[in-house]
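Written out below as structure tokens is the structure these notes cover.
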Number of protein chains: 2
Amino acid sequence: MNIGNAAEATSLPTKTIRYYEDIGLIKPDRAENGYRDYSDDDVHRLRFLQRSRSLGFTIEECRTLLSLYDDEGRASADVKRIAREKIQKVDEKIAELQSLRSTLKVLVKNCHGDQRPDCPILDDLAGRNTAKSA
Amino acid sequence: MNIGNAAEATSLPTKTIRYYEDIGLIKPDRAENGYRDYSDDDVHRLRFLQRSRSLGFTIEECRTLLSLYDDEGRASADVKRIAREKIQKVDEKIAELQSLRSTLKVLVKNCHGDQRPDCPILDDLAGRNTAKSA
DNA sequence: CTAATCCTTCCAGTCAATGGAAGGTCAAGC
DNA sequence: GCTTGACCTTCCATTGACTGGAAGGATTAG
């Protein structure tokens, strides 16, 4: 299977697939003409990568997950730990964004938003503290 | 004021301050010895940058906000629109992370997490669909 | 035969910094 | 006066995870 078909089969851009090869996540065969030739197993691994990346795992985490996937003797506890850590990171990120959101909400609420040049949002960003921000 | 003091006054690393100069967000004077010399106004702008960056505005948005800040005749509506758009982007990001989180939760819940090699998380990532993921 | 499409490699750019090397300057202590 | 250490300068490379584009070879459709 050429790279274009592999791309279609995995919803990954060809650029990304070549990049994954570059960093050693996948090693397709080569056809006689030099084209990459993806086996079903390669496509399988690419889908694994697509899904784990879309779940927010970093490339290095994906590399670990793939190696656990390859390791018939792995303990599922290892995988579970990685996933738990990821959930915690996601939770932290969500909390951060929510706090940020509430600050922005306060700023927007206090801004009259018309043609007048005075603006509580800018005042707050400048540290002038006219809007009661978080 | 030297860059070290400006850094302390703004909670920004010196590296970052120099970077902001590089991309044209600030233009401090130079002392005779070649050292950067930050005025109170420079420090003010740096604080503005620190705060707007920490609220999640991109550098280009900060550049726009700064120019609106400099523009005595600006309309506060312009600023309000930018802030509103940012809130929407934050909302989208939060929703994305929450969906991701719930998928991860399902995976972790279905994984027995012991020494056994079979792992529903890996099965799911591989597309084997043994865990009921989102 | 030609044109379009696909494939190859390699280099550069993204975003917002951050790290480090090589070297100049300054203030304190002896 | 000299040394030490802290501070400053510039320049170059790296991060993460791709993405864009150029230059050129291979394949396919008509």
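Numbers restart at 1 for each chain; the letters A, B, ... are given by sequence-line order, proteins then strands.
- B:Ile17 has its CD1 atom 13 Å from the C1' atom of C:dA17, to the nearest Å.
- For the atom pair OG1 of B:Thr10 and OH of B:Tyr38, the computed distance is 9.0 Å after rounding to the nearest 0.5 Å.
- Look at CD on B:Glu21: it is 15 Å from P on C:dA17, rounded to the nearest Å.
- Taken from SG in B:Cys111 to CZ in A:Arg84, the straight-line distance is 8.5 Å, to the nearest 0.5 Å.
- Taking CG of A:Asp41 as the reference point, atom CD1 of A:Ile26 lies at 8.0 Å (rounded to 0.5 Å).
- Whole-Å rounding puts the B:Arg63 CZ to C:dA17 P distance at 12 Å.
- Using bins of under 30°, 30° to 60° and over 60° for the plane-to-plane angle, the ring pair B:Tyr69/B:His44 lands in the parallel bin.
- The nearest pair of heavy atoms linking B:Leu122 to A:Leu65 is CD2-O, 3.8 Å.
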Please encode protein proximity along nucleotides 3-17 of chain D as a string of B, S and -, counting only heavy-atom distances under 4.0 Å.
----BSBBB-----B
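- What separates CG of A:Asp22 from P of C:dA12 is a distance of 15 Å, to the nearest Å.
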Pair B:Asp70-B:Ser67, side-chain hydrogen bond (donor to acceptor under 3.5 Å, both in side chains): steps then yes or no
CA-CA 5 Å; B:Asp70 289 339; B:Ser67 75; over 6 Å; no
